[in-house]
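First the proteins, then the strands, lettered A, B, ... as listed; each starts at 1. Excluded from the calculations below are hydrogen atoms, water molecules and symmetry mates; all remaining heavy atoms, backbone and side chain alike, are included.
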Number of protein chains: 2
Amino acid sequence: MKDLKSFTTDRPARATLRDVATLAGVSEISVSRVMRNAPNISDALRTKVMNAAGALNYTPNRLAGALKNQSSNLVAVVLPSMSNEVFLSVLDGIEAGLDEHGLNAVLGLSEYDNDREWRVVRELLSWSPMGIILTGLHHDESIAGRISQFDIPVVQIMDVEGSPIGGAVGMSHTKAAVAAADYLFGKGYRKFGYIGAWSERPERSRTRRLAFEDRLKVLGTRCVASRILEERSSALAGASATADMLAASPEVDCIFFANDDLALGGLFHAMSAGIKVPDELGIMGFNGIDIGKATPLPLSSIETPRYEMGVMAAQMLLRMQHEEPQIVELDFRIFEGGTT
Amino acid sequence: MKDLKSFTTDRPARATLRDVATLAGVSEISVSRVMRNAPNISDALRTKVMNAAGALNYTPNRLAGALKNQSSNLVAVVLPSMSNEVFLSVLDGIEAGLDEHGLNAVLGLSEYDNDREWRVVRELLSWSPMGIILTGLHHDESIAGRISQFDIPVVQIMDVEGSPIGGAVGMSHTKAAVAAADYLFGKGYRKFGYIGAWSERPERSRTRRLAFEDRLKVLGTRCVASRILEERSSALAGASATADMLAASPEVDCIFFANDDLALGGLFHAMSAGIKVPDELGIMGFNGIDIGKATPLPLSSIETPRYEMGVMAAQMLLRMQHEEPQIVELDFRIFEGGTT
DNA sequence: CATTTTATTGTTAACGTTGTCAATCGGCAT
DNA sequence: ATGCCGATTGACAACGTTAACAATAAAATG
């Protein structure tokens, strides 16, 4: 009986520079240069090498290249979670931005856990990425120190209120909350409710709530009811929290939700319960997701530049190789739907 | 004036095995062994090394390790796009599955383009990943050849109908379409419409449509109207396509949508237009996304195991290091909402 | 006590690539 | 003819790690 080895040996093994060089009858370094489009290569050499590389199906070994170079084209991307459409768009943008420059994302999820984030960062750094993108501005002290050893650009996304380690691309959640309060107040609502989820992870939602409450005080009114769910955001959760809140505090005339999923739930509940939106109840979301624009009553919300944030984060990473870190504050926009 | 170098030199450079070894007064290989938890290490040695590593903030260089080992703990993940909630869940599952085993995902997006997929695969392979996850079963011939040189496990996700390169974790889109047809026929609908988007990317949606149409014929009826939009799926697109279809073919009594985004749009249109769902019009989606469960009339749909698919793909990758590739067909489930 | 195991640590040589420095070859001005 | 220049190619030594083997000391065996 043939041993296992013999099954595998007939598969052509991965070719190396040496193999290509031998076949082409040139030196390894010449192959390397051709592969990297180095200057001063004769057409004759280039052709020989390209043919040989093609024949052998040569795939460069980036591990070796990056090791020698002390730098890779990998970018570490640390997001809290993938169970949130927000980070989908952000990651989409990041990928788009990175791809333009031939960079690859290595993904790590912190799951909103500091210890885990620390481990993930450590893990990703071990690949000598050329840069790292973190979510939010609040990170374990030691993370900054660890990264600083690598002398690579750091870009933090989502938030700009605080002191970033390096560059930052985000928006002001305080301003957004103030704008929401002003807008809703201007629409005549006075008895506000607030509904959040998952114990206010990420922290940014807490920032928004506090700023919203503060602003209401300035305007001479306040949140008369507030629910922070323990479960994750979902339309179902938003619907039941809304029902709950209206039962307990019937005087509430407008609810500001931590995100559009919850808000859509609120809207759907109102539709089912025959509550007149926006007259009896105003509904305001946050993020401005697509589906909110298609409901019979389009969901009023705050449109956040998530995709753009990702793209710009990637671009800033590139720029920071030469330039100083910047803080870029992107604009949000109030989307006036039919629910307010 | 100080030159630039002097600004950077005061930052402690990244420590290597050698630095740790010197500080601890042991050999490099001993440090390596401690870091990898190799057997037969004395407590004395381990302590010395750990202290030195801690003092220097040592981060192992995986590039070097992987180069020497001829294998990394990276997994190449190639998805068509991130602008689709479906792949969000899948990626979430993949990350969860990989993380269990200390593996890292390197992400590549094909954007439904064969050339681009080829480039992405090539790119990712250059990192010597320990495995690769591809989306769908239809790939450029040369991709399989290229991967085979690496002797690494390949798992293809989403689909099981066809011949995978290696293992596969997916579902039968044909069976799903047949089940949908049978279910809707059983509910009494007879004049069917179908609405898809983005010129039927991914191909799987085309498979479903064809199987749906075939099944309707078997049942003695047929699709009386069909719209394949060129734009991407969105609730707005679904709404306008629905309006359009009903205007042109008022006899349609049930629409099967390529996905839930489109279907929700259809539902919202019906609500706005005062069309009685499910009596005058049945609406059936595909995927079973969360938000469809929270609408006043929950959206009937086919629940697909997206997250689970990701987790299982990751696990299968691990298993395939020792075992033969398998094809795992996961079950879908018809979710009977209020729209049919 | 000589001899064999066993446990622990060290030495050496790669892994595949690329930066640095040399070498070669015409051409061209002196 | 001589010497110099630019263009092109090559030799060699790293990058930081680890497998394989060697060496040493301690323990167990007869």
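- Contact annotation: B:R46 side-chain N/O to C:dT9 OP1/OP2 distance is not under 4.0 Å.
- Contact annotation: A:R18 side-chain N/O to C:dG16 OP1/OP2 distance is not under 4.0 Å.
- Residue A:R36 places at least one side-chain N or O closer than 4.0 Å to OP1 or OP2 of C:dG19.
- Taking the charged nitrogens against the carboxylate oxygens, A:R119 and B:D99 have no contact shorter than 4.0 Å, which rules out a salt bridge.
- Across the protein-nucleic acid pair, B:D19 atom CG and D:dG16 atom P stand 9 Å apart, rounded to whole Å.
- Of the possible donor and acceptor atoms, one in the side chain of B:T47 sits under 3.5 Å from a partner among the backbone N and O of B:D43.
- Considering B:L103, B:N69, B:L74 as possible partners of B:M130, the one that fulfils the side-chain contact (heavy atoms from CB on, under 4.5 Å) test is B:L103.
- Side-chain N or O atoms of A:Q156 include one that pairs as donor or acceptor with a backbone N or O of A:G136 at under 3.5 Å.
- Residues from residues 59-70 of chain B placing a heavy atom under 4.0 Å of any atom in DNA chain C, listed by number, are B:L67, B:K68, B:Q70.
- Residue B:D43 contributes atom CG, which lies 13 Å from atom C1' of C:dA7 at whole-angstrom precision.
- Candidate nucleotides C:dT9, D:dT18, C:dG16 were compared by shortest atom distance to the side chain of B:I29, and D:dT18 ranks first.
- Within the structure, a side-chain polar atom (N or O) of A:N40 is placed less than 4.0 Å from OP1 or OP2 of D:dT8.
- With DNA chain C read from its 5' end, the first of the two nearest nucleotides for B:S27 and A:S32 is the one closest to B:S27.
- Contact annotation: B:S42 does not reach the phosphate of C:dA7 (side-chain N/O to OP1 or OP2, under 4.0 Å).
- Put simply, CG on A:L98 and CG on A:N73 are 9.5 Å apart, with the number rounded to the nearest 0.5 Å.
- Atom CE in B:M35 sits about 15 Å away from atom P in D:dG16, given to the nearest Å.
- Rounded to whole Å, atom P of D:dA13 lies 14 Å from atom CD of A:E28.
- With rounding to whole Å, B:I41 atom CD1 is found 13 Å from D:dT18 atom C1'.
- Taking atom CG of residue A:L45 and atom C1' of nucleotide C:dT24, one finds them 15 Å apart after rounding to whole Å.
- Side-chain atoms of B:R116 come within 3.5 Å of backbone atoms of B:L109 as a donor-acceptor pair (strictly under, hydrogens ignored).
- Each of D:dT17, D:dA20, C:dT18 was ranked by its minimum atom distance to the side chain of B:T16; first place goes to D:dT17.
- Within the 4.0 Å cut-off from OP1 or OP2 of C:dT17, at least one side-chain nitrogen or oxygen of A:Y58 is found.
- By the 4.0 Å N-to-carboxylate-O rule, B:E123 lies close enough to A:R62 to be salt-bridged with it.
- Rounded to an integer number of Å, the gap from CZ of A:R33 to P of C:dG19 is 9 Å.
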